[in-house]
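Not measured: the values here are computed from a predicted model. The chains referred to below are lettered A, B, ... by the order of the sequence lines, with proteins before strands, and numbering in each begins at 1.
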Amino acid sequence: MKELSELVFGKDVRYSDDHEWASASGETLKIGVSDYAQDQMGDIVYVELPEVGDTFAKGDEFGSLESVKAVSELFLPVGGEVVAINEALEDEPELINQDPYTNWIIEIKPSDASELEQLLTEDAYRELLKG
Amino acid sequence: MVDSKTTVLHEWHEENGANMALFGNYDMPLWYKTGAKAEHLAVIQSAGIFDTSHMAAVSVKGAGARTVLQRCLSKDLDSCLGKGKPLVDGRCVYGIFLKEDGTVIDDAIVYQLQAESFMVVVNAAMGGEIGEHLSKNGGDDAVVIEDLTDRVGKMDIQGPQAGRILKKIIKDPDSLFEKLIYFSFKGGFDDCVSSTTVELKDGTPVLVSRTGYTGEFGFELFVAIDKLLPLWKQLLAAGSDEGLLACGLAARDSLRAGAVLPLSHQDVGAWPFLHNPWQFALAWDEEHNAFTKPFIGREVLVKKEWDKFTLPFAGFDPRKIAAGDTASVLSPEGETIGTILTCTTDMAIGRVDGEIISIAGTVPEGFVAKGLCCGFVLLDKNIEPGNQVVLTDGKRKIKVEIRADVRPNRSARNPVGTMVE
């Protein structure tokens, strides 16, 4: 398991308590999981994704990651409508292990963009991981 | 709370980035930096080593040793190598220790070191209980039972390259591998002396057993506990060019589930040992009609009043449902018919036109094994292989197929000669 000092953090991303991240790209947000999350889960073998057009509120479960260890639900850190899913993950779920920030999971159009600002900064997320 | 225990390889595990978790009250590696998938695949394609020194061993010696084991073990030591062929020096056998009520105390491999000396290898933390069980049932027979927990250094090397890697560190490999058939062993260590001797090149006495818990070709190795770390490091070095990986419990679990082997206290446990895929562990006669000897627990099994069935299954993709309180098994019509005992993903297999294909066999062009979930369910009724059931955790549902077997092309029984050249 990675030590805190070994964990990688994303560029221009905010984090949820559930170890998802959100990052603004223009009008939309890309959503993924943190390095801590993928390290805890171990090898990811299957990604269950929502459909484009699905709408979720903040905190809703939008999919799941299956690792060798368990099934981990994915919770949306910011509410909105799914505008894209990362289809590459269907064939290569291990991409999330390789780089959890480049390999986003879904892209959403937020219903309330201010929800992004309520998420944890890197410093606040580091504090959370210190426990 | 009881403090957790560690094995002598604990420091090595931590230094090598292992993700650790409690198992049988031991702090054990789940996987290393390479990840469980790479570790699982290494055992199918090359080889892997496993720290199994959390497992326990009990020494049973004396004129009455065989009688006591024969009384307690579910397998008939007088005909376990075929009809009328008794267990002999250098052979070992898999069996179950049952309570009077037919439920499982633990599963075990019994090694005949010499006519009046046996080593019984059981699961983590079970040395004391099995030792007491054997003592309690010793009767008037002259037998000395000793729990060897914390004195035995045990590790496994498994996979098609296991023999070639082990060969590099053994003093006289030709003599070791000669006729070393499945479920036989040579050598000894400490007080566990057999009629043969095997030494590492550095002179360390070792017991090499042609057994394992992955379904693949390989060995379980026993040394004095202070010799385990040197042995582990020697094998890692010897296998560095062959793709050998240190493997954690996650890979061990997914490999053994694909090989349809039970995890004690999870797939066999506090219910009668009947109606399951492991009938080879019982003292059945050739016709499978009657038991060939008396043993503790037999009376309950003979009555066959237990009406639940343990069945292997495999899914159609890697998705799984975690075994747990909320998990259940449904019939295709939605009726609850049982519980999940084990559900994991064998990452070396996939399906082509419904048929399970392993990367160990011949694969169609372009085949990529994405893995299939597999494991065991405990059902209220028998379901024939080929039929489907549904696993659910209350939220998600996945269809799986009841199977007679899961991962094809397993190498465990390959002739040793072809595996060490």
Under 3.5 Å: donor-acceptor pair, side chain of [X], backbone of [Y]:
X	Y	answer
A:Thr102	A:Asp99	no
B:Glu39	B:Tyr32	yes
B:Asn19	B:Leu30	no
B:Asp346	B:Arg407	no
B:Thr345	B:Met347	no
A:Asp35	A:Val8	yes
B:Arg351	B:Ile357	no
A:Asn103	A:Leu95	yes
B:Arg410	B:Ala412	no

Under 4.5 Å from any heavy atom of chain A - which part of [X]:
X	answer
B:Ala36	both
B:Ala21	neither
B:Ile321	neither
B:Asp317	side chain

Which distance, rounded to the nearest 0.5 Å, do you find between the [atom1] of [X] and the [atom2] of [Y]?
X	Y	atom1	atom2	result
B:Ile356	B:Glu401	CD1	CD	6.5 Å
B:Asp393	B:Ile340	CG	CD1	8.0 Å
A:Glu94	A:Ile44	CD	CD1	9.5 Å

Heavy-atom proximity to chain B below 4.5 Å, by part of A:Asp91: both

Proximity breakdown for A:Glu6 and chain B, heavy-atom pairs closer than 4.5 Å: side chain

Listed by residue number, which members of [range] have a heavy atom under 4.5 Å from any heavy atom of chain B?
range	result
residues 45-52 of chain A	A:Val45, A:Tyr46, A:Glu48
residues 20-32 of chain A	none
residues 104-131 of chain A	none
residues 57-78 of chain A	A:Glu61, A:Ser64, A:Glu66, A:Ser67, A:Val68, A:Lys69, A:Ala70, A:Val71, A:Glu73

Any chance the side chains of [X] and [Y] put a donor and an acceptor closer than 3.5 Å?
X	Y	value
B:Glu216	B:Ser411	yes
B:Thr342	B:Asp267	yes
B:Asp51	B:Ser53	yes
B:Thr52	B:Asp156	yes
B:His54	B:Thr7	no

Flag side-chain contact, heavy atom, 4.5 Å: A:Ile96 against A:Val33: yes

When B:His40, B:Met20, B:Arg396 are compared by non-hydrogen pairs under 4.5 Å with chain A, the top option: B:Arg396

Which of B:Lys395, B:Lys37, B:Arg319 touches chain A most, by non-hydrogen pairs under 4.5 Å: B:Arg319

Parallel, tilted or perpendicular: rings of B:Trp232 and B:Trp12 (30°, 60°): perpendicular

is_close_aromatic(B:His10, B:Tyr26), centroid dist under 6.0 Å: no

